[in-house]
Amino acid sequence: RAAGGPSRLVLHASHDLALADWAEHGRRLPVDISWHGSEEALAALGRGECDVAGFHVPETWTREQLAGWLGRWLKPKLHVCLPLMRRSQGLIVARGNPLRLQSLADVAARGARMVNRQRGSGTRSLIDQLLAANGIDAASIDGYAHEEFTHDAVAATVAGGSADAGFGIMAAAARYDLDFVPLADERYGFALRHAALDGEAMQAFLRRIAGRTFRQRLAALPGYQPLPLAEVTV
């Protein structure tokens, strides 16, 4: 199993404000969290370098699409997924949305400066999918090569005036008193080895994730909705 001692789990997760707040303020959490892109986290789980991988995918994906994507790193029957929450992603813009940006097409057409997410992150994949679906050339966006590694960093860049728009979750925009234009809903969940489900540390972790404290914290954040923890085979 991954390093970290018998009583603690190693979680590689795509950055999320709810998980970050939980890790910072929760008491005696049985897990060590480090932030990675969704694809990096899943690859690490597939190699046995972590116990749990946190990742997110578009809400519109079917079960077949999810299984096909996860199959790049995980194996059927060996791994299992647990949906955790739904969250809203979109454009993070200055208060009042002075450039009246309503889409990535607007960002390109109006020459707005954008701050992007790093390659390998689930949010970067979502951005690139939206660009492709709308026939937008990434090279036409000022700042496409400007990458940040967390939703907080994207919001901070917009708040500081170094970019006109970023792409991230609603909660990050709210934290920095910025406006938000919703563009996509997504599901965030965990992947783990099925054989690890009954382990003491894993059971303790899942109890905390399913518990009232985390769920209340989640429901209080803008753009979040808890999902029932139900096993989904890869």
Decide, yes or no, whether a salt bridge links Arg95 with Asp177 under the criterion of side-chain N to carboxylate O below 4.0 Å.
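Salt bridge flag = yes for Asp177 with Arg95.
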Taking Asp164 first and then Arg113, would you say they form a salt bridge - that is, a charged N and a carboxylate O separated by under 4.0 Å?
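Answer for the salt bridge query: yes.
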Heavy-atom distance under 4.5 Å between the side chains of [X] and [Y], does that happen here?
| X | Y | answer |
| --- | --- | --- |
| Asn116 | Arg124 | yes |
| Val31 | Arg208 | no |
| Met170 | Leu221 | no |

Between [X] and [Y], is there a donor-acceptor pair closer than 3.5 Å when you use the side chain of the first and the backbone of the second?
| X | Y | result |
| --- | --- | --- |
| Arg110 | Leu99 | yes |
| Asn134 | Ile136 | no |
| Asp51 | Val10 | yes |
| Asp106 | Leu101 | no |

What distance separates [X] [atom1] from [Y] [atom2], expressed to the nearest 0.5 Å?
| X | Y | atom1 | atom2 | answer |
| --- | --- | --- | --- | --- |
| Leu9 | Met202 | CG | CE | 5.0 Å |
| Leu19 | Tyr188 | CG | OH | 5.0 Å |
| Ile33 | His36 | CD1 | NE2 | 10.5 Å |
| Asp16 | Arg87 | CG | CZ | 4.5 Å |
| Thr123 | Asp128 | OG1 | CG | 11.0 Å |
| Arg175 | Asp21 | CZ | CG | 4.5 Å |

Arg86: what forms a side-chain hydrogen bond (donor to acceptor under 3.5 Å, both in side chains) with it, not counting sequence neighbours?
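So Arg86 forms a side-chain hydrogen bond (donor to acceptor under 3.5 Å, both in side chains) with Glu59, Gln225.
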What do you reckon, is CZ of Arg212 surrounded by more than 12 foreign heavy atoms closer than 6.0 Å?
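Open.
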Could you tell me whether Arg119 atom CZ has more than 12 heavy atoms of other residues or ligands within 6.0 Å of it?
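No, not enclosed.
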For a quick test of reading the model, state the closest non-hydrogen atom pair linking [X] to [Y] and the distance between them.
| X | Y | value |
| --- | --- | --- |
| Met85 | Ala18 | SD-CB, 4.4 Å |
| Arg72 | Glu39 | NH1-OE2, 4.0 Å |
| Leu131 | Ala138 | CD1-CB, 4.2 Å |
| Asp179 | Ala94 | CB-O, 3.6 Å |
| Gln89 | His56 | NE2-CE1, 3.8 Å |
| Leu126 | Phe167 | CD2-CE2, 3.8 Å |

Under the side-chain contact (heavy atoms from CB on, under 4.5 Å) criterion, do Phe214 and Leu84 qualify, and how do the steps go?
CA-CA 11 Å; Phe214 179 72; Leu84 180 64; 3.9 Å; yes
Anything under 30° is parallel, anything over 60° is perpendicular, the rest tilted; go ahead and classify Trp61 against Trp69.
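Because their plane-to-plane angle is over 60°, the rings of Trp61 and Trp69 count as perpendicular.
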Using the ring of each side chain (for Trp, its six-membered ring), is His15 parallel, tilted or perpendicular to Trp35, with breaks at 30° and 60°?
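It falls in the perpendicular class, over 60°.
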Tell me whether the guanidinium CZ or amine NZ of Arg215 lies under 6.0 angstrom from the six-membered ring centre of Tyr224 and within 45° of its axis.
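Relative to the ring axis of Tyr224, which defines the angle, Arg215 lies outside at least one limit.
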Derivation and outcome, side-chain contact (heavy atoms from CB on, under 4.5 Å), residues Leu206 and Leu197:
CA-CA 9 Å; Leu206 295 178; Leu197 270 174; 3.9 Å; yes
Steps toward side-chain contact (heavy atoms from CB on, under 4.5 Å) verdict (Thr60, Gln65):
CA-CA 9 Å; Thr60 54; Gln65 282 178 291; 6.0 Å; no
Would Ile92 and Tyr176 count as a side-chain contact (heavy atoms from CB on, under 4.5 Å) if you check the C-alpha gap in whole Å, the side-chain angles of each, and the deciding distance to 0.1 Å?
CA-CA 10 Å; Ile92 297 174; Tyr176 285 83; over 6 Å; no
